[in-house]
Number of protein chains: 2
Amino acid sequence: MCYIGEMLKKQLPLLFNTLANMNFSSITIKDIATALNLSVSTVSKALRDSYEISENTKKLVTGYAQEHNYRPNPIAQSLKQGRSKSIGIVVSTIENQFFSQVINGIESVAYENGFNVIITQTHESYELEVKNVGHLTHRSIDGLLISLSTETKDIAHLKTLHKQGLPIVFFDRVTDEIDTHKVIADNFKGGYDATCHLLDSGYKRIAHITSPANISITKERFAGYSKALEEAGIAIDDDYIKYCPHGGRDIGEVENALNELLSLKNKPDAIFTTSDRITTTTLMLLNRLKIKIPQEIALIGYTNTTLADVLNPSLSSVYQPGFEMGQKATQKLLELILAKRPVYEFETLVLPTQLVTRDSTARQ
Amino acid sequence: MCYIGEMLKKQLPLLFNTLANMNFSSITIKDIATALNLSVSTVSKALRDSYEISENTKKLVTGYAQEHNYRPNPIAQSLKQGRSKSIGIVVSTIENQFFSQVINGIESVAYENGFNVIITQTHESYELEVKNVGHLTHRSIDGLLISLSTETKDIAHLKTLHKQGLPIVFFDRVTDEIDTHKVIADNFKGGYDATCHLLDSGYKRIAHITSPANISITKERFAGYSKALEEAGIAIDDDYIKYCPHGGRDIGEVENALNELLSLKNKPDAIFTTSDRITTTTLMLLNRLKIKIPQEIALIGYTNTTLADVLNPSLSSVYQPGFEMGQKATQKLLELILAKRPVYEFETLVLPTQLVTRDSTARQ
DNA sequence: TTGTACGCGTTATCAG
DNA sequence: CTGATAACGCGTACAA
């Protein structure tokens with residue numbers, strides 16, 4: 001900065017502040033102080049309604065602040081107080097409607113408590129997950145809400161942070177290896193109910209096209225599926241279980257799975273699918289192959305795309321309670337953040353999945 | 001803070017920093033300085049590769065920094081430099097797939113250039129838009145990417161910021177009243193092509209169910225629709241034009257529009273719909289009413305839901321180029337931010353819409 | 001080539 | 001009740 005600049009700075013502090021800091025339309029405590037012939041500390045205290053300031057000066061200061069629409073600079077506050085009043089979010093992708101619902105839930109709670117949110121996406125990549133978590137913690141967030149990417153096996157990057165005391169809450173796709181709050185849907189019950197529904201409708205050869213094998217939700221849904229079959233006295237056939245390593249991001253994945261199922265000697269008479277992507281893609285492919293639903297193959301699956309089941313009334317949907325999940329997770333995170341002392345007791349919240357079954361004859 | 005705390009602080013600065021600032025896993029310039037018996041400024045300059053530092057010290061410092069995985073505190077940098085290396089985004093809602101695509105485009109460019117993004121949603125509310133813009137500027141963002149909410153008529157809040165020099169780029173839903181870069185889809189051509197497609201297929205009574213009348217994209221698409229009809233020598237019938245004030249957020253809106261159309265003496269034989277929501281909802285309602293597409297009523301519309309047109313091959317889709325729009329807008333914004341001087345020449349980028357027509361007999 | 005001093009906006013401590 | 005001062009972490013004009 002040139003000398004003349006420095007000169008100007010001393011003579012026209014307000015103007016120069018505006019230009020240099022690009023802090024649009026904000027005056028500082030210092031401006032108030034000079035305008036009112038007070039010291040900065042007095043102004044600061046007055047604004048924070050300290051007991052050691054007279055009513056008179058308080059009124060004076062707050063009045064002036066109101067009038068000039070003063071708002072404290074959050075960056076300066078962050079620097080001073082060591083906390084940023086913002087929380088970081090890591091999800092696979094916001095294009096997934098489930099996660100955008102979760103984010104809406106998160107925002108609703110965060111904003112209510114004066115917290116800001118910073119959203120990042122992993123696009124299911126482990127590398128990006130590590131990078132994002134790094135960025136976020138580095139931006140000195142006060143807490144982290146994370147749903148693991150499908151690629152993630154090693155969670156050392158999170159363990160370190162957890163040990164250092166960063167409040168973390170997992171949602172949807174969680175891990176056993178870190179002891180903290182977790183919020184999940186009752187995926188076991190979802191899988192169980194869906195499978196039971198098909199069994200009750202008389203189907204016996206029930207296939208399962210699902211997400212990558214390693215993530216928590218996949219395992220839980222599979223467990224529910226297994227339990228239902230077991231109770232019905234039906235053996236689990238590995239040929240009927242198809243995993244999509246990329247969660248159906250490639251149509252090819254689902255196509256392969258479906259082709260393999262259809263080329264079995266003992267073709268399935270029903271399919272239980274998981275995830276929005278996989279369910280809608282399966283539905284699409286069945287339509288493309290002119291396979292009648294549910295006459296030839298029945299279908300039940302998780303989806304947020306309401307369109308899917310309206311277009312095809314024979315598809316039953318298990319809605320995922322995204323918004324609520326976001327809210328609960330954020331509440332838990334705020335508890336951790338606002339607790340002064342370390343917390344040692346954690347809980348796992350299990351939200352109900354809503355199984356919406358629809359009589360396939362209702363609309364025909 | 002108690003006296004013992006202060007004592008500790010002086011004796012164990014590193015430990016205390018970690019605890020007080022919750023700045024997870026970061027050492028400061030000061031830590032490096034004391035460790036290496038240098039002054040902070042030397043370290044700072046060494047890290048910034050200043051010419052006035054010897055190669056020796058540089059190596060020493062950068063080595064230590066690497067080893068201890070030092071990263072400058074962005075909050076302190078923001079405070080000092082008056083810019084935060086982050087840009088604000090305002091969209092209606094990320095649940096809209098078009099906007100999540102845009103955001104992905106924005107992120108791809110922003111991250112490449114070392115910028116962070118902060119996403120906010122208006123949920124189509126003017127009040128929330130003003131609030132979000134306030135929050136963002138207040139967080140001292142370096143630039144703003146905004147798509148106006150449907151409710152927004154008065155843009156005084158943006159004019160002020162623009163005058164103060166905040167770089168702003170509008171995308172998708174823009175305004176004439178502010179002179180800056182804008183990135184839009186060629187909605188005129190989209191509307192024109194869609195209508196022509198229907199005309200060429202022999203339809204003559206073409207209705208139009210569309211977004212709120214006041215936003216830019218609605219007007220542009222309507223202009224294209226009008227032009228096509230005009231060229232075909234068909235008069236525009238106001239009864240055929242239906243606006244959805246909430247962009248189809250309520251199914252009822254679309255339902256009313258459709259019912260009104262169906263109860264006309266001269267029922268339309270085709271409909272041109274805009275927006276993902278409206279298109280898919282219309283499709284759903286037509287299905288529900290058992291109206292055959294395109295035999296009884298043909299449909300063409302904007303949608304990102306690939307599912308829609310696969311399930312119903314007679315629906316033609318005009319895809320919205322979201323990702324590219326996000327990229328272009330961000331490039332323009334970064335130009336503005338990185339330009340040292342005010343810019344007076346602005347351009348409006350018009351991206352092509354891809355009209356995907358599908359022969360309705362292809363799959364039957 | 002390195003170090004000193006100051007300021008960014010805010011708050012906490014302590015002295016008046 | 002009010003004010004001076006230091007500090008948060010960083011960057012830089014200027015002195016040594």
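Below, chain A is the first sequence line, B the second, and so on; all start at residue 1. Note that these values count all heavy atoms, side chains included, but never hydrogens, waters or copies made by symmetry.
Side-chain N/O atoms of Tyr70(B) include one lying less than 4.0 angstrom from OP1 or OP2 on dC10(D). Side-chain N/O atoms of Thr42(A) include none lying less than 4.0 angstrom from OP1 or OP2 on dT2(D). Between dT1(C) and Thr57(B), no contact under 4.0 Å exists linking OP1 or OP2 to a side-chain N or O. At dT12(D), one or more side-chain N or O atoms of Arg48(B) fall inside 4.0 Å of OP1 or OP2 (strictly under the cut-off). For the OP1/OP2 pair of dC6(C) and a distance below 4.0 Å, the side-chain nitrogens and oxygens of Lys80(B) include no atom meeting the criterion.
Distances were taken from every side-chain heavy atom of Leu38(A) (C-beta onward) to each of dG9(D), dG3(D), dT11(C); the shortest belongs to dG3(D). Of the candidate nucleotides dT10(C), dT2(D), dC10(D), dT10(C) has the atom nearest to the side chain of Gln77(A). Which of dC10(D), dG9(C), dT2(D) sits closest to the side chain of Leu79(B) comes down to dG9(C). Closest to the Ser54(A) side chain, of the nucleotides dT2(D), dG3(C), dT11(C), is dT2(D). Nearest nucleotide to the Gln81(A) side chain, out of dA13(D), dG9(D), dT11(C): dT11(C). Comparing atom distances between the Ser39(B) side chain and each of dT10(C), dA12(C), dT4(C) picks out dT4(C) as nearest. Closest approach to the Ser41(B) side chain among dG3(C), dT2(D), dT10(C) is made by dG3(C) (side chain taken as heavy atoms from C-beta onward).
By the 30° and 60° cut-offs, the orientation of the rings of Tyr111(A) relative to His135(B) is parallel.
For Ile27(B) and dC10(D), the CD1 to C1' distance is 14 Å, given to the nearest whole Å. Taking atom CG of Leu36(A) as the reference point, atom P of dC1(D) lies 18 Å away to the nearest angstrom. Summarising the geometry, the separation between CD on Glu52(B) and P on dT4(C) is reported as 15 Å, rounded to the nearest angstrom. Nucleotide dT2(D) holds its C1' atom 15 Å from the CG atom of Leu47(A), rounded to whole Å. Rounded to a whole Å, the OH atom of Tyr51(B) is 13 Å from the C1' atom of dT2(C). Between the P atom of dT2(D) and the CG atom of Asp49(A) lies a distance of 13 Å, rounded to the nearest Å. For the pair Lys45(A) NZ and dC1(D) C1', the computed distance is 9 Å after rounding to whole Å. If you take CD1 of Ile53(B) and P of dG11(D), they are 13 Å apart, rounded to a whole angstrom.
To the nearest 0.5 Å, the span separating OG on Ser92(A) from CD on Glu124(A) amounts to 4.0 Å.
For His162(A) and Phe170(A), the distance between ring centers is not under 6.0 angstrom.
For Asp142(A) and Lys85(A), the salt-bridge test fails: no basic side-chain N is under 4.0 Å from an acidic carboxylate O.
No engagement by Ile75(A) is indicated, since no non-hydrogen atom pair under 4.0 Å with the nucleic acid exists.
With DNA chain C read from its 5' end, the first of the two nearest nucleotides for Ala76(B) and Lys58(B) is the one closest to Lys58(B).
Under the side-chain hydrogen bond (donor to acceptor under 3.5 Å, both in side chains) test applied with Glu347(B), the options His181(B), Lys332(B), Lys182(B) reduce to a single match, Lys332(B).
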Thr137(A) and Leu166(A): CA distance, side-chain angles, deciding distance, side-chain contact (heavy atoms from CB on, under 4.5 Å) verdict: CA-CA 9 Å; Thr137(A) 51; Leu166(A) 175 71; 3.8 Å; yes
